[in-house]
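Proteins get letters first, then strands, A, B, ... in listed order; numbering begins at 1 in each. Note: hydrogens, waters and symmetry copies are ignored here, and every other heavy atom, side chains too, is used.
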There are 2 protein chains.
Amino acid sequence: MSASKRDILVRGAMNVFYREGFNATGMDKLAKETGVSKMTMYKHFRSKEDLILAALRLRDDEFLSSFTRLVEEGAKTPKGRLLGVFDALADWIEGRDFYSCMFIKATSEYQSPEHPIHVASAEHKRKVLAFIQGLAGEAGAKNPKLLARQLFMLTEGETVTAFILGKSGVAADAKAAAKVLIEAALPGQNT
Amino acid sequence: MSASKRDILVRGAMNVFYREGFNATGMDKLAKETGVSKMTMYKHFRSKEDLILAALRLRDDEFLSSFTRLVEEGAKTPKGRLLGVFDALADWIEGRDFYSCMFIKATSEYQSPEHPIHVASAEHKRKVLAFIQGLAGEAGAKNPKLLARQLFMLTEGETVTAFILGKSGVAADAKAAAKVLIEAALPGQNT
DNA sequence: TCTTATATTTACTGATCAGTATATTAATAA
DNA sequence: TTATTAATATACTGATCAGTAAATATAAGA
């Protein structure tokens, strides 16, 4: 009951923060949008910052689990999964609920590297990077860490570019680049 | 005199907006920081939005001119300049005044694609992309547009990654990726 | 039934937001 | 000197910000 109200609040906050930004979203608006009264909000979270952190945590959970599942179900070979990262990303970007990356936007508003919101965003990104690095290792890359970092940068650039310049063609171009990088990073095979 | 006050204001606003964000920076703070009184600010700009647009215009001018000059003076061959993009980027990222990209952050706070601030940011990015595309064409890439979009995405990802996960190694990894992409996109040569 | 504890709502706090009206200063012109 | 004009500073507007105190409704226990 009380837990459910909390969940409604966090999920609603996550959506509004994602679409409209953090500084731009007031607590009153959140109360109205989620149907949870302000006092109840402050019973569950001591501050707006705490609520933002909870929203980011939810996003982190849901994004990573659906993203990794999509990649792991999408291809059988490690190399196929490595490339599949860019198919999963394409799905997300080309969907109707894409408004860039919530964590990139969070660091844009909370810039200090020590700020808890910045830290939480960095942790999320490190998880994504670690997932890619795992795939690169399984695929037998000569330097899995390097390849993972390069592919990760490509995903970040793809996300930002799709948001600023428009989605059209971006995912395909990024996937083509990924293919080149992956081929070059795996020990000689003529495929 | 009056023009100079305007310049002081715009430059000061640019710096504060860059370091601390747009929504997080109030007009009072800007007045105090630049030494230009609020009334004078509003004599030169009708609104905060207009001042932000002026600050972005200044940034666009200065960033692009110094960036393109750096690239063009840094290497003689077109192919060298294409790779030199990533040296220029490394200089910027590893400098002490790097707080990610002002335009990426601007679109994070003004998300609607129709918003003038979002539009101005997109125009800046299109200029950067066009510059890279020019280099790719001169270098004789098979598909200059594709290569430019891929390298552009890599620069965006590099910038964001350096800001969120830290600068260490990012520029070198991105440059190595760029080298692979460039080699693959230029018609056969054994170098 | 009455009592007590808990949720929730309403109404508020002081601070700050963007933007402006008024007062004051400074400079020029005669 | 005095009149006029332009630039600046002070002080304000109503709106909204994050956060809270007091009042009301609800529930459970006896």
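- Axis angle across the helix from C:dT1-D:dA30 to C:dA30-D:dT1, with five pairs used at each end and values rounded to 10°: 20°.
- Listed by chain and number, the residues in a side-chain hydrogen bond (donor to acceptor under 3.5 Å, both in side chains) with A:Arg149 are B:Asp173 (sequence neighbours excluded).
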Nucleic acid footprint by protein, nucleotides 8-26 of chain C - heavy-atom cut-off 4.0 Å, B for base, S for sugar-phosphate alone:
BBB-------BBBB-----

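- Salt-bridge formation is detected for the pair A:Glu138/A:Arg81: a Lys NZ or Arg NE/NH1/NH2 atom is positioned less than 4.0 Å from an Asp or Glu carboxylate oxygen.
- Identified under the salt bridge (Lys or Arg N to Asp or Glu O under 4.0 Å) test for residues 83-108 of chain B, with sequence neighbours left out: B:Arg19-B:Asp97, B:Asp87-B:Lys175.
- In terms of heavy atoms, A:Phe45 sits closest to A:Ala54 at CE2-CB, 3.5 Å.
- Sequence neighbours left out, the pairs with a member in residues 26-39 of chain B that pass side chain to side chain donor-acceptor pair (under 3.5 Å) are B:Glu20-B:Lys29, B:Asp28-B:Lys38, B:Ser37-B:Thr40.
- Using a 4.0 Å cut-off between charged side-chain N and carboxylate O, A:Lys167 and A:Glu158 make no salt bridge.
- What separates NZ of B:Lys32 from P of D:dT10 is a distance of 13 Å, to the nearest Å.
- The separation between A:Met41 atom CE and D:dT20 atom P is 12 Å, rounded to whole Å.
- Ion pairing between A:Glu62 and A:Arg57 fails under the 4.0 Å rule for side-chain N and carboxylate O.
- Sorted by first then second residue, the side chain to side chain donor-acceptor pair (under 3.5 Å) pairs that include residues 115-127 of chain B, not counting sequence neighbours, are B:Asp60-B:His124, B:Asp60-B:Lys127, B:Lys125-B:Glu156.
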